[in-house]
Amino acid sequence: MLCNIKKFNLKELSSQTFFLFVNTMERVSNRLEKMAVSATLAMTAKSRELQAQGIDVINLSIGEPDFNTPEYIKEAAKEAIDQNFSHYPPVPGYESLRKAVCTKLKRENNLDYEPAQIVVSTGAKHSIMNTMLSIVDPGEEVIIPAPYWVSYIEMVRFCEGVPVVVKCSIDSDFKMTAEQLEKAITPKTRAIIICSPSNPTGSLYSKAELKAIANVLAKYPEIIVISDEIYEHINFVGEHESIAQFDDIRRRCVIINGVSKGYAMTGWRIGFIAAPLWIAKAVTKLQGQFTSGACSIAQKAAEAALNAGNSECKKMTKIFKTRRDLVLGLLKEIPGLKLNTPQGAFYIFAEVSSFFGKEAEGMKINTSDDLAMYLLEKGHVATVGGISFGSPECLRLSYATSEDRLTEAAKRMKEALAKLK
Ligand code: PMP
Ligand code: GLU
């Protein structure tokens, strides 16, 4: 199209023809047109915009630890630069990193994997998309319990798959039961995605709950289980439980994990899968055409992170737990919010439907997205409405920020919400 433009004398084109011409050229693919913008990233961008205008916005919209990456990890990265880890790394990741992942899976999860079953990618988000693209054909269904992390739905749709949403409520701590799962399975089901600890709810599936789900899945050998365990380390109640521990389904589980959340390494962009060999090979093939191996320096940093164990993660988790208790206590004092007690990650997913239909300062609240906008504009607190998480009646708050800021945020929310009549 751009080449064609040069063949025309633009002056001879009527303004209407020119408009139509440009309009046809500036057209993104239908596939992309249908994709929603990531609500978590959009809200974060909006609050950064207001901050840039000098407004003191408290950002509870972004899901990332506020801690800096631990020193020993940064040192490993500096060393990797000095040692010239500047060449293309192998497509599935350095063998040494994949071995470190296997050692971690044995040490922390008692799971046996070979390095050939591990593929390192540019963040866990990339790992999930790679997996979806490798296994989902058009028209195939992927079961997604709601509330879900915003990107799952869009990823399935991008693969021309069909998301099958199983709605779970605050009364069951937003968790899907084995019975709900069984009802959602059809002959077209290709995969299910489970996220524990969960974004956006902070819920954890217990071993017994996972076992019940695994028992259902054992009856359907064609279903792939994608287990997103990126928040594994941020667990306030005990040991992490992976659904891959159950023998009946292990050979079709894809564990998604990485260093972003537990090691405060969101910007380094390292995620990985631990998968059956055929999926690891498929993801490697895909990655070989689209992105190649993940950043070499970041891989060496991730290797150092994993090899040193999880004591740094535990320190950060302790702080997250203190903050959870603080913020939950403060939010409980706000009339109209329905809350449960999240057991992991760093999110609170509050039910806010009691505010629907109310208004203040010229803003009417019909949805949780309206409420998020109201809180941002009038209270200067950034949250994310529940619509993009598949739960329009809820609002997500991330408490990955300091106690002072959390206290101030709760105060602002209380004041702003009290004005809604
Ligand atoms: N899964 C979930 C549930 C997440 O919250 C995130 C964070 N964005 C990811 C995957 C992706 O993690 P990463 O930053 O490593 O891509
Ligand atoms: N996972 C984080 C969140 O949900 C980071 C943003 C994103 O990648 O969506 O806020």
Side-chain angles (χ1 to χ4, degrees), residues 35-48 59-67 69 93 97 101 119-132 144-156 174 192-205 226-235 240 242 254-274 287 291 294-295 298-299 301-302 305-306 313 320 342 344-349 372 382-391 394-401:
M35 181 187 277
V37 169
S38 164
T40 48
L41 298 180
M43 205 57 181
T44 302
K46 178 125 189 96
S47 81
R48 283 186 184 143
N59 188 1
L60 308 187
S61 68
I62 185 73
E64 74 166 332
D66 54 324
F67 304 113
T69 302
L97 173 54
V101 171
V119 183
V120 177
S121 300
T122 304
K125 193 180 256 182
H126 189 205
S127 300
I128 304 169
M129 188 58 187
N130 277 347
T131 304
M132 295 274 190
I144 306 178
Y148 46 71
W149 179 47
V150 291
S151 298
Y152 297 154
I153 289 274
E154 298 303 331
M155 288 177 179
V156 172
F174 300 109
I192 169 176
I193 183 152
I194 300 255
C195 181
S196 178
S198 154
N199 177 4
T201 66
S203 297
L204 299 184
Y205 283 84
I226 303 173
S227 179
D228 186 345
E229 304 179 18
I230 190 75
Y231 293 94
E232 158 174 20
H233 292 110
I234 311 172
N235 175 334
H240 176 68
S242 171
V254 180
I255 297 179
I256 307 286
N257 209 331
V259 290
S260 297
K261 312 289 176 170
Y263 292 89
M265 291 178 71
T266 45
W268 298 77
R269 311 306 304 130
I270 295 292
F272 55 81
I273 59 167
Q287 193 156 283
T291 56
C295 167
Q299 285 197 48
L306 295 176
C313 314
F320 282 131
F346 35 66
Y347 304 107
I348 286 177
F349 205 56
T383 57
V384 189
I387 294 177
S388 335
F389 299 104
S391 293
C394 294
L395 189 76
R396 190 189 80 172
L397 293 92
S398 157
Y399 52 86
T401 190

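Scope of the values below: all heavy atoms of this structure, side chains included, with no hydrogens, waters or symmetry mates. Every number for a ligand or one of its atoms is a count from 1 in the order of the listing. Throughout, numbering of the chain's residues begins at 1 and tracks the sequence.
- With ligand atoms numbered from 1 in the order given, ligand 1 contributes 13 (P), 14 (O), 15 (O), 16 (O) to contacts under 4.0 Å with heavy atoms of Arg269.
- At least one heavy atom of Lys261 sits under 4.0 Å from some atom of ligand 1.
- Applying the 4.0 Å criterion to heavy atoms of Tyr152 picks out, from ligand 1, the atoms 3 (C).
- Contacts between Thr44 and ligand 2, counted as non-hydrogen atom pairs separated by less than 4.0 Å, are absent for every part of the residue.
- The aromatic rings of Phe174 and Phe349 stand perpendicular to each other, their planes meeting at an angle above 60°, with 30° marking the opposite boundary.
- Close contacts of ligand 1 with Ser260, meaning ligand atoms under 4.0 Å from a residue heavy atom, involve 13 (P), 14 (O), 15 (O).
- Not one N or O of Tyr347 is nearer than 3.5 Å to an N or O of ligand 1, by distance alone.
- Using a non-hydrogen distance threshold of 4.0 Å, Glu64 does not register as a contact of ligand 1.
- Of all atoms in ligand 1, numbered sequentially from 1 with element shown, those under 4.0 Å from a heavy atom of Asn199 are 3 (C), 4 (C), 5 (O).
- In this structure, Phe346 has no heavy atom closer than 4.0 Å to ligand 1.
- Closest heavy-atom approach to atom 1 (N) of ligand 2 among the candidates Lys261, Lys125, Glu64: Lys261.
- Proximity of Gly271 to ligand 1 is not established, as no heavy-atom distance is less than 4.0 Å.
- At least one heavy atom of Ile230 sits closer than 4.0 Å to an atom of ligand 1.
- Closest to atom 3 (C) of ligand 1 by heavy atom, among Ile193, Val259, Asp228, is Asp228.
- In terms of protein heavy atoms, atom 9 (O) of ligand 2 is closest to Thr40 OG1, 2.7 Å.
- Atoms of ligand 2 lying under 4.0 Å from at least one heavy atom of Leu41, given by number and element, are 6 (C), 7 (C).
- Scanning all protein heavy atoms for the shortest distance to atom 5 (C) of ligand 2 gives Gly63 O, 3.7 Å.
- Aromatic pair Tyr347/Tyr231: ring centres closer than 6.0 Å.
- For the residue pair Ser203 / Ser198, no side-chain donor-acceptor distance below 3.5 Å is found, with atom types taken as modelled.
- Under 4.0 Å from ligand 2, not a single heavy atom of Thr266 appears.
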